[in-house]
Structure formats: C-alpha cells, structure tokens
Amino acid sequence: MTTLVKPAPRRMRRRAYSGLGATLLLLATACGGGDGAGDDGDGPIKVGSILDETGPLNIYGTAMADATDLAIKDINENGGVLGRQLELVSYDAQSDNAKYTQYANQAAQRDQVAVLMGGITSASREAIRPVAARSETLYFYNEQYEGGVCDKNTFNTGVVPSQQLAALIPYAVENFGKNLYVIAADYNYGQISASWVEKYAEEAGGSVVESEFIPLESSDFGSVINSLQAAKPDVVVSLLVGGNHIAFYRQFASAGLDQSMKIVSPTFGLGNEQVVLSDEAVGITGAFPYFQEIESEPNTQFLDMWHTEYGDDYPYVTDSAATVWNGWHLWAEAVNAAGSLDRDAVIEELESGVSFDGPSGTVTLDGPSHHVVQNIAIGEANGQKGFEVLSTEESVPPAFEQEVCDLVSEPDTNEQFLP
Amino acid sequence: MTGAQTMQRQSRGRRLADRLPREVAYFIAIALGALVLSQVIPDFRAYEWSLWAVYGILALSFTFVWGHAGIFSFGQAAFFGIGAYAYGVAGINLSPTTGETLSALLIGAAVAAAAAGLLGYFIFYGNVGDVYVAIITLAVTLVLLTFMSSTADPKYRVGDAPLGGYNGMAGIPPIMYGSGVALDTAEMLIFCVAAAAGIALSVRILLRRPFGRILAGVRENELRTQLLGYDVRRYKLLAFSLAGAIAGFAGGLYAAWGMFINPSVFSLQQAAMVAIWVLVGGKDSLLGAFAGVAIVQGLSSALGGSGGSWTPIVLGVVLIGVVLLLPKGVVPSIADAVSRVMRRKKPQQVPTTVLEAGQEQRSDIDLEGMLTARTGRVAAQSIRGENLTKRFGGVHALNGVDIDVPDGTVRALIGPNGAGKSTCFNLLVGRYAPTSGRVYLGDDDITKLRSDTRARRGLGIKMQVPSYYHDLSVDENMWLASYAAVPNVKGADEQAARALRWIGMQERAALPASALSHGEHQWLEIGMVVAGSPSVMLLDEPTAGMSRDETHHTVAMINAVSRYSTVVVVEHDMEFLRDLDAPVTMFHQGLVFASGSIEELRQDERVLDTYLGRGVSADVAG
Amino acid sequence: MQLDELINLAISLLTTVSILVIISIGLAVIFGMMGVINLAHGEFLMLGAFFTLSGHRAGLNIWVAMVVAALGVGVVGLVVERLLIQFLYGRLAATMLATWGLSLILVQAVVLIYGPATQGIPTPLGSTRVGDYSVSQYNMVLIAVAVALLGLVYVVFTRTRYGTTARAATQLPTMAAAVGINAKVTNMFTFAFGAVLAGAAGALLAPVAGVVPGMGQAYVGRAFMTVVVGGPGVLTGTASSATLLGTVDSVVSNATTSFLGVAALLVVAIVLLRVLPTGISGRTGRQL
Amino acid sequence: MSEFWTRTSVGEFPPMLQVENVTAGYGAGAVLTDLTLTVNGGDRVAILGRNGVGKTTLLRCMIGEISPRTGVIKLGDRDITREPAHRRARMGIAYVPQGRDIFPGLSVMDNLKVAAYGVRHKAWADVLTDVLDEFPILRQKAKLAGGGLSGGQQQILALGRALMTQPKVLLLDEPSEGIQPSIVDQIADHVRRINELRGITVVLVEQNLEFATNIAEHAYLMDKGQIVRELPAKDVLTDRDLQHEYLGV
C-alpha cells in the first residue's frame, strides 16, 4: 500500500489540496494492516463470524456470539482442525443489514476465512449469500428460519418449518383445539411460516380462522387483542419476532385472554422471552431441537462448559446458541474428514452426511438439501424462566427441503423455495 | 466563411478551451488513477473503495442540495433507496434480454428524480417551511422503510422481481455492458470512481453555469432572488430533483455493487449517515463529500472489526464533537488551519472613495443600453394601485389607497412611520396580497401575479431593509440581477459590468458584498435594480445612512434613470426631496393624505400637523 | 354490533389515541416551544422504561417507580441541554445531528449497562369483563394518564411561573429578555420538561412493551408523524393529530389488518400535510 | 447652552444612563458612530431625528439587544456594556418597544406577571396592585389575550408591563405611533406621572414632536448615528429651520 503514500506537495496552493492530502493520508493509514493471510501452512486457520451483537437484534445475537466463541474454544482445546488452531475473526453487524454485505466481503476477501458463519434474520442471510458465493467462501447459516434455501455454497443448520411446525401444529390441534389464529411478524419469515401453519393445520384436521401480520417495529397489539376476542380461537399461533413483539404476550395476559386460549409458537424463547415474561408466559408451548432442560450427557457437558465460561447466572441457553454450536462442529468434522480446507472437498464431505452428537442430540447433515436431520422436542414455558420438555421426536428430516432441493444432482440450483 | 464567422468560431473554440479541459483533465486523471489503483490493491480493498465511491456520490447529492441549494433534505437516503430498488427491478427484468444494466442504472436515477420531483412539488409549491422540509423528508424516508418492509408477501412483485419485504430483493444483476458479462472487482472500482468523478465534475461545471449561480442566490437570499424575477420554487424543485437523480444513480450502483438491496437503506441510520459524511467532509466542497465518506467509513470499518460494542458510542461522540467543535466540517477546518500556517493572510486593500471613482466614469455609461436591455427599447410603464387595502389581523395598514404614477415620471412618497408607505410597496411588488384593491402595471392587471412574474415584467424594487447577497461577491450580486433581465451569460456579464461602473464599484467587484459600507450597500441595491432593466423602479429609503454628498449623487443617479424608467421613491430626507423635485404623495394612517410638490406640502400646515404631531401649528403660528 | 363489542372497540380506539398522545407530547413540547427537533426522543423514552425497570427491581412500588423514572429522565434532559443543546439553538441541522449522535450513545450505553436482552415488568392490574370481552385495566390507566398529561402540560404552561415565562420567551424572545427573562434558563427547563414527558411515556409503556435498548425506534416514527401533523400547537396540535391518526389507525386496523392500519395512517398524514403544510394547529397560530 | 440644561446637569442629579463613544450596527455597517449621551437621574428626555439616523439602534444598545463594537454603556456607576439583556432588565432598565411587542398569546394579566417573574421580585403582588391601580383599564381586561387589545390599550399594557419590573430607567420607542389622539394624550400624562411620582428616568424616541415635547424637558437631536444637538425640548417646536434640517420636515 506504500504506493499511495505520496510525499506531501511542498506548497499547497489551494485549500482543497490540503483536504485531499489529509484524506489520502487517512486512506493510506487505513490500508496499513491486515492483508490476506492465505490458508496455507501450519499457522492458525482463520474463520469468520458475523452476528448482530449490538442494536435491536442482539437479543438473539449475543447468545449466538457467545456460542461461537465457546465452540471455537472447544474445537481448539480438542486439537483444532487438521491439527491447526482456529482463529476467529468476528464482526458485529450492529443490526444493520447493510453492514452484512460489507463485513461478509471483508471476512471473505481480506481475511480470507476458511468458512463464514453468521446472519440472524433471513435478510442478513440473503445479504451474505451472494458475497460468499462470489468469493467462493463456504457459508453456514445457523439459525431457525422459514426454510427452502437451496444453494451449493450454503449450509443451513437451523430448524425449519417442516420439522418444527410439522410437530408443533398437530400437537396444538390435538391438545388445545381445532381453531387456530395466526399472528405473524410482517416479513418473510412470518409470511412464509404462516402458510406452513395453514398447511399443517389442515393436515391435522384443524383450520386457521385468521392470519394477521404485524410490522416488526409495532408493539401496540390493541387491535389484535380485540380481533382475538371477537374470533375466539382455541389456539393462537405466534410467529412474532424481536423485542417489540414481546409486548403481545404481555398485553394478551393483561387482557385475561390466557384464561381462554393457548399460545403456541416456534419463535418464543429464542430471545429469552420466557425469562423476561416469567409468570405471564406460563403454558406457552414451543418446539425446538434444543431446550436447556434436555437431559442428556452431551447437554450436561455443554452446559457445564457454558456456565464455566459465562457464569452460573447466564439466563438461559437458547436453541440458537445450540444451533451455532452444532454448525461449527459439523464444519470441523467435515474438514477433518476431508483432510483439506478446499471448499469443494469440504462441501463434498458435508454432503456425504456428516453427523455430530450435540447438546440437542444427534445432528446429521442431509447432503442433497444442505439442511440437517435432528430431534424435535416440544416444551411448555414453566413460569420459572425455563421450559418443561413434554416430548421428543428423534431424527426429524427437513421434509420440504428434501423434496424440492437436490444439490447433489443439481449443484447449480440457487434459490429459496416457497411452499 | 466570413471573417466574422471565423472569429466567432475561434472565440468559441477558445472559450471551450478555457472551460472544458480543466474538468476533462481532472476526469481523465482520476479515471487513470483508479485504473492504476485497481491493479495494485487487493480485491477486498477495491470492493470496499467501490462502495466508498458510491457513498461519495450519495453524499455529493446531499452536499449539492444542502450546501449549494440550501435545502436541508433528510431524504437523500430515500432517493438512494428508490434508485436502488428501481435498478433492481429494471435489472432483473431487462438484463436477461439486453445483457446490460447501464439502462437500469439510468432508470434508477430517473425514477428517483421523479420521486424527488413529486415530493419536491408538494414541499416547494406548498410553501412548506424550512423546519418542515427536514421533518417531512425524514418522515417520508421512514414511511418508505415501513412500506418496503411490508412487501414480504410474494404477491408484491414487479415483473420478475419480487420486492422481498424486510429481507430485501435478491438476485440483482451487477454492472454489465451488454455482453452479459459482469464487471470484476477491479473494473467495478474503475467504473464507480469514474462515475463519481464524472458526476462531481459535472456538478462543479453546473455550479458555475447560470443555474448554479442562481441556486447560490436562492440559498443566500430567497426573497431578493424572487424579487429579481426568478421563480424560486422552480429552481428549488429542479435542484431537489437533480439531487434525487444523483442519489438514485448512486443507489443503482449500490444495488449493483452488493447485488442485493433491502429496506434498511430507508432507515434513520442511513438517512443520518449521509448528513454525517457531509458534515465531516464539509458541506460546501464537492471533494468534502468523498473525504467525509472515506473518513467516517474508514473509522467505522476500523472499529467494526475489533471495537465491537463501542462502535456506536465512538460514532456518536465523533458526531457530537464535529457538530459542537468543528461546525464547518472536519476537512475544511483542517484545510483552514493548514492554509493559515502556509500563508499569512494579508488584509485586502479596499479603495475608499467609491464616489469619485464612480463619478468620473458615470458620464460615459450607456444608461439607456442598460435600461433597455430587457425589452430592447425604452419601456417605462405606469404603475397604478386602485383602492389598495391591507389588514394584518386587526391592524389596518392600508385603507384604500389610490396611487397612479404615469410612465416615465418620478414620484416621491412621504409620511410618518407606520403610514403605510412600505406596505404599499409590498402590495405593488406582490410580496403581500391586498385584502382588497387592484394593482396595474401599464394596462395589465397584475394583482394576481406572483412577485417574480411581476419582476420579469419590469418591476424592480429596493426594499427598506437592505436585501442583497451577503456572502456573494459584489460582482455576483450584480450578475444575478443582470441575468434576470438579460438571460444569456455574455449579455449578463456586460450588463453587470456596466452597472458596476455606473455605481463606481468595479474596483470592489471581487469583495464579498458584506464587506461594503452601509451607503455602498444602498448603491449596490440601486445598481442591482437598474441592472434588472426595470420599467418601474420602487426605491424604499435609498439614501438612508448616506452622507450629504452621497445623497446628492444618488439624486443625480435617480434623475438619470428616470429618463428611461418610472421611479417611485420613499424617502424622509428633505434635502433629497428638494433635490429630486418630483411630485410628492403623502401617506398618513394608511391613506393618501396630501399630494403636490414638496414646496407646496411644506407650506401646508395640515401636513406639518400630522408630521410633527397634533396642534403644533398653533404653537408655530404663535 | 353488540353493545359490549362497541364498548370494547371504543376503549381500544381511546387506548391507541392515548398511546400516541403519551409518546409524542414530550417531543411536541420541545419542538413547539423551542423549535428543536430531538432525534433522541425515542431514547429518552427508552431510558424512562429502563429507569422504571430498575426502580421496580429495587423494590419500589410500580407507580412510584414510574414517577421517579420520569423525573430521572428529566435530569438526563437537563444535563443534555447544558452539555449539548444550549450551544446549538437556532441551528436546525446541527441539533438534529447532535441529538442523533446522542441517541446512538444512549442506546449503546444502556446495552453496556443493562445488557441487550428484552426485559420486562409484569403489567399491573388485571382485566375487567365487558360482556363477552375482557379489557385490560391498564389500558384504562393509559387513557386517564394521557388526559392527565395534557392537563399537566396545560397547567404548567399557563399557571406556573416557568410556563408563563417560557411562552413569553417563545413568542417574542427579544421582548422577553427586555423584561428580564433569561431565555437560557427557560430553554433548559423546557428541554428538561420535554424529557420528563418522554420519560413518563417510556415508564408507562414499560409494562406493556418489551423493554429493550432499541425500543425507542419503534415509537419515534409515529411520534414524529403525530407532531408534524399536529403542527406547532403543543396541546391542540398533539391532541387533534393523535385523535385523527389514532382513530384512522384503530378503525382501519380493526376492520382489516394492522398493516393496512399503518398504511392508512401514513396516507392520511401525507394528504393532510399537503393541505395544511404547517400541521393542524399551524393555521390557528395557537401556542398551546 | 440653555439654563435648564445647566441646572439639571450639575450636582444634585447624578448621571443615570451614560453612553460613551459607542459605535454599533448590524453586519458590517455602523449605524451609531462614536455616540456619546448622558441622561441624568429623574430626567425626561427625548431623542429626535429622522428615520434611519439610529434612534432605535441606540435604544437597542441600551437594553442589550445589540452589543456595541466599541464604547461603554453605564447605568449609574456600573458598566453594563457586557451585561446580557435580561440582566440589564433586572438592574432597572425597562423598555417599551416600537410596535409595543405585547406577548400576543399571554393574557393581559400574564403579560404583567411575566415581567415581574423575569426580574424575580418576590413581592410582585404589591407591584401588580399598584400597576393595576395606575391603569384601571388593565384590570377590566385582565383575562383577555394581549394580542386582542386595541393599539392604545396595548400601549398602556406595555407601560404597565415595564413598571412591573420596577425600573430606574424607562425607554420608550415611538409610543404614539398608530394610536388615536385622545389616547396619545393619556399616555403622555401617564409617562409624566410615572416620572414625577416614582422618580423613574424617561428616555423617549419619537417622531411626533408635539407629543415628545409634551413629555420631555430636554431634547437630543440625532443625525447620521451621532447626537448633533442638545436643547430644551420646547425650543424644537419653534425652530422651523432645525425641524427641516434634522427632522425631515
């Protein structure tokens, strides 16, 4: 970068030049550090993570970032990958989607990370994907989402509706009643999930009486409460997202509706809603691969490690955190099995069905769809900042993704399939 | 080819040589620089700097609309976003068949310009106040955020392009020239830098053109510009739309750069970010826009990798620090400091005796040429007010005044404070609408015309409160007045030069008008009215603050002008009125109280009574 | 339509209007009295919610915690005015940018202190049955408080020494100085009073909304819309525009969906601004 | 110099308001150039001159609305050149501006009270009673908005408001402008009474000579930003040349 540092002109005749000089100097300084490290040799392997650690989305992002740090630490303590240590380069996208493009580029091109993980909302995933694809950097999206992404370069370890809602909705129809009322965040996740709810409700013999979409920034649910009282459904399916939407549960309880209808939700808990609401949340039912309360050896170890690292008063370890954990370990296993960091080799290994025994049970990559086969548990908020796990179904496949997406035979597919 | 034609050709060639190469040379230099740069820096840098160039264009649009047109628009981010979405929609739909996206880029700019034009129409033709311009543009930006975020349902699509709601629009094609092959990272940097340079240099040229100079006038003094005969609303709307087009172009480039766009471009953060860049870089300089982007983005990306949670705090502190401590912007402040060190400022020598300088040359000035420049002939018109009444709330400022000044005559208005003289002027010139009554210029009823239209019909005014362009040069003040009458650069230059000589200020042409003395301001304004080639001149207290000698000269100037134009003058100075020796109309309590020559009025005890106070005549007689 | 349904709808409508009044009255005071556009308004509101949370956790009675929180935000406002705003009067763009910088700092400071997660306070009071419907009693409190806040603003600006001097200083600053009014002091109190009102809004919303550092953003858009549509009249503007926008939002939301409700609100706001460029109270020229 | 002037300028009445070598103006131009003026305690003086000679600018300098570029302004022995406007009001300078500047949105009562609030008088209730006794009309109109009064009533209110600050000096800018003749007389009476009963120094800027001489005992003539003559007020009325020369008639 030294080419840019010109000797300052001896005489600056115009003010503009001095401004320009200052700018150039600054640019030159900015270029100083951190040129691409390359992935050869025995040094540490750079890996990248982009999450929202600040801004409104950090209600999800903080736990995911904690899980990322812990996963890297765990992998390194167990000998690293290919005998080399991992070096994490992490970026905070500040809940600003525009930053994802920028940081994905920095991570892929400047830091030349071996794998890039991150993104919380679907919007951030969509921002990362083209950048990762262009720079041929393998990408993992580790968060529950609306499903259907089919892209050779992307692996989705989060739970999808064909696992989560496929379990939750029939459970609700069977146990709580046939009339469902859907309240969804008004963006892609909510819209797409709402149509899944409709599908699974019909298959289970129930029906959706009404679907209502709430802007993400809205926290006034007055009209929703009214509509609910008029419609009198048996079950309210909440596909609400983010800090503002927590107001719904509170206004619901405050209007006394928790006496007459049940809430089921595939998102409740990801942002620690049950911790915040406590009493007002009792009985809200969700379905996730992971609840902190799951009793298994890997989970006990996982929680031990977590609490040693972050303290015993950590509010609750969310499903998102476990998903991030799984993502890193799946990748590490695949690299070790492939014996190389080469992207195509790693993809091939991942597609061969890598499997990992994580805190939520065994997680196996489904090669053609780039999604995971995993357990699904149903849990009910217990009013003590946690859930009671009611039942668990093992090895649930991502049925829809398997149906529409086959990247082994059609590697050039790159789209998001919708129901 | 005749000799004259050859000369014309040559002189045009020379003018071209004077003007073009500088910008063209800059452009070529910058583009070459980008070319070299793109070969030596790693791809991620090229990729990042492409974005800076794009953001720089966006910042530039704000510099233009705020720093040069004086409109504080929070909406540049909105037009940026609109351009980006339009590029996305057009690119997705068109590029499969055309194999290029340059047309989509232009469509992006055009759609953004149209959006800006529509919004600008509501704002500027609805006479929305300055504070509200900022809030409305901000509110519209936030409205678009909500709106675009709510298009998640797959049914919201334009052709093949789903809008995508909160997640945004994916699959946007990158820049392609026509072969269907996308630019690589290095080429993209060259393209973005060249586009930025092209736009910045074009704006630079535009600002030197009459449009840009008039914009400076609008920014400095809207009322004066209006009264010179420029339709201020139109210029503001044009500037606003142009800024929208520039922002929209940047938006299209942004979408092409990231191949992705989502509604966060409409967020408060993005809207404020634009202002921050410009604030840091300095709002007057075009280069500042790019410097601001480089500094802020450089800082932000340096912090973003490692600083983590402190980033917003650092940004906030920087922002507040700049606003409080370096209100001119970081780069201009540094540049100032540098230039202070580099060269000591010599106080400029100001010639002190304008009067004499003017006197010598005034005799051979083509006053007739100056005052016939607008229409090409002597065109003095009559001005007539019929039963003019004006109420402000409960106050009757004017109570049915009839005034008729025949063409080519001079009329003086006198009367105690609050008698309605200035209100009368304001009604004649169209600053206020009369409560009742009509105004005629020549034979035309102009009661309903806006003040700039009246000015274009030849009505010139010097108001009581000095109204000129403080921060523009004396020369530029005069030029703006001249161009309103002679709308071509050459003619206006000549007209301005004549007017400057006439008021004896050619020596001070380059000074900022604010550096003139009180009396000189009066002459400058009188000169500006004359340069506007009026058929009727209204002069409100033209000699306030002048010495005796200066007053005498002013009378001589007015008398000279009155051969070609009708003149109405409000003045209190008796000596002035005696010198002027024109018919006098006296106002009192919103009515015409008396008319006649100054000597007649001075003999009229009733006039003295009202002027000095009731009952004075008895004392005087006694 | 059944009577109980009607009553329920009416309460819902009044609640929406009341929330608009509550979130925008502080902004309206600062804008109407000082011409300052406070982009950190949302963050003042957020601080009010967090202070209430702290007070509640410290064992204060919830209502006491709310009052203390509002006053606490007032103190913050006072400090902000002294350190920042007082240097920027009359510089519209500068105040907007500086308050925006402030909002960045406040959000992140709260993240660092309280952590990023959504927190909450249980909604006090229970619900009342109206025929087939049950209505949250807290909504009734919100309606009452909105009216009370309007009343408070009226009393403060007409019956108190500060309020009278503040209005005088707004109407004719030079003349106010000539009768001995120190505009710096009244401005300081006006800003602090606006901050108290913003803090009160946050405190009141804390039990019904999620308390998160970014919560200000959710309200500030609608607050601005209300103030713009209302115009410079602090009371008449806020009350009329909140009623209009709230009614449109509530009626359309209840008849269709929340999205259309928001859309209708925006359309009405823009159409209204075309007709009345200085807002509803702009024509009457009233200050309160 | 007249007898009257020598009598009042010596000894028993010390200078109340002094303006020494003041140059001031707006922007780059100077409206007042090296102006000097002394007003003694208890005086009633008028400053006369054509439009635009700087009379109002002089008053604005005195109240602190604009600060002089050079020169000193003193109240009593105290240098107040750098004091902000509101502090000067609290020190005893009251101002009735041209156009009166009644706070339009405040009630008549609040217009009065606000002046007392401004100068922090604790016992303002007594002053209020006193002012309302002086101007009974204000008591009748107490609840009306200040902007709703007629011109003459507003002038009375402006006087009352000025008295609420319990001033030492009262500055009046064109109090007769736009007011009916009968009220003009009343106002002149009020101003004289204020001066005589309360000992408040009165400085009057006026174009209406008859009104000015009705109030003031002494006159200063202003031209081109300077005081050019001082003379007993009654002399102004009889001197036609002087009127033509300096007053523009």
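Below, chain A is the first sequence line, B the second, and so on; all start at residue 1.
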J.: Given side chains that start at C-beta, do those of D:Asp110 and C:Arg167 come closer than 4.5 Å, heavy atoms only?
T.: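 The answer is yes; the side chains approach within 4.5 Å.
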J.: Of all of D:Pro104, D:Ala94, D:Pro167, D:Ser107, which one pairs up most often with chain C through heavy atoms under 4.5 Å apart?
T.: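 Most heavy-atom pairs within the cutoff with chain C belong to D:Pro104.
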J.: Report which part of D:Ile102 has an atom under 4.5 Å of a heavy atom belonging to chain C: side chain, backbone, both, or neither.
T.: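 Only the backbone of D:Ile102 comes within 4.5 Å of chain C.
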J.: Taking heavy atoms only and a threshold strictly under 4.5 Å, list by residue number the residues of residues 79-87 of chain D that touch chain C; give 'none' if the list is empty.
T.: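 Those residues of residues 79-87 of chain D which have a heavy atom under 4.5 Å from chain C are D:Ala85, D:His86.
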J.: The criterion is ring pair (Phe, Tyr, Trp, His ring centres under 6.0 Å); which residues satisfy it with C:Phe193, sequence neighbours excluded?
T.: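 C:Phe157.
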J.: Please report the closest heavy-atom contact between D:Ala89 and C:Ala177, naming both atoms and the distance.
T.: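 That closest heavy-atom pairing would be CB-O, 3.8 Å.
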J.: Report yes or no: does C:Gln171 contribute a side-chain atom to a donor-acceptor pair with the main-chain N or O of D:Gly105 at less than 3.5 Å?
T.: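 Side chain of C:Gln171 to backbone of D:Gly105: a pair is present.
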J.: Determine whether D:Arg60 and C:Thr174 make a side-chain contact, defined as any pair of heavy atoms from C-beta on separated by less than 4.5 Å.
T.: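 Contact flag for D:Arg60/C:Thr174 side chains = no.
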J.: Enter the distance from D:Phe103:CZ to C:Ile181:CD1 here, rounded to the nearest 0.5 Å.
T.: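 Interatomic distance, D:Phe103 CZ to C:Ile181 CD1, rounded to 0.5 Å: 5.0 Å.
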J.: Quick check: are there more than 12 heavy atoms from other residues, nucleotides or ligands sitting under 6.0 Å from CZ of C:Phe189?
T.: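 No.
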J.: Is it the case that atom CG in D:Asp77 sees more than 12 heavy atoms from other parts of the structure closer than 6.0 Å?
T.: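 Atom CG in D:Asp77 is not packed in, count stays at 12 or less.
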J.: Could you tell me which residues satisfy side chain to side chain donor-acceptor pair (under 3.5 Å) with C:Thr190, sequence neighbours excluded, listed by chain and number?
T.: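 Side chain to side chain donor-acceptor pair (under 3.5 Å) check on C:Thr190 returns C:Tyr162.
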J.: Is there a side-chain contact between D:Arg161 and C:Met175 in this structure, where contact means two heavy atoms from C-beta onward sitting under 4.5 Å apart?
T.: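 Side chain of D:Arg161 against side chain of C:Met175, heavy atoms only: contact under 4.5 Å found.
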J.: Sort C:Thr158 into side chain, backbone, both or neither according to what part of it lies under 4.5 angstrom from a heavy atom of chain D.
T.: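 Answer is backbone: N, CA, C or O of C:Thr158 sit under 4.5 Å from chain D.
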J.: Is chain D contacted by the side chain of C:Ala176, its backbone, both, or neither, given a heavy-atom distance below 4.5 Å?
T.: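 For C:Ala176, heavy atoms of backbone and side chain both lie under 4.5 Å from chain D.
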J.: Between D:Tyr117 and C:Thr164, is there a side-chain heavy-atom distance shorter than 4.5 Å?
T.: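 When only atoms from C-beta onward are counted, D:Tyr117 and C:Thr164 do touch, with a gap below 4.5 Å.
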J.: Going by the rule side chain to side chain donor-acceptor pair (under 3.5 Å), which residues pair with D:Thr56 if we only count those two or more places apart in sequence or in a different chain?
T.: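 Counting only residues at least two positions away or on another chain, D:Thr56 forms a side chain to side chain donor-acceptor pair (under 3.5 Å) with D:Asp173.
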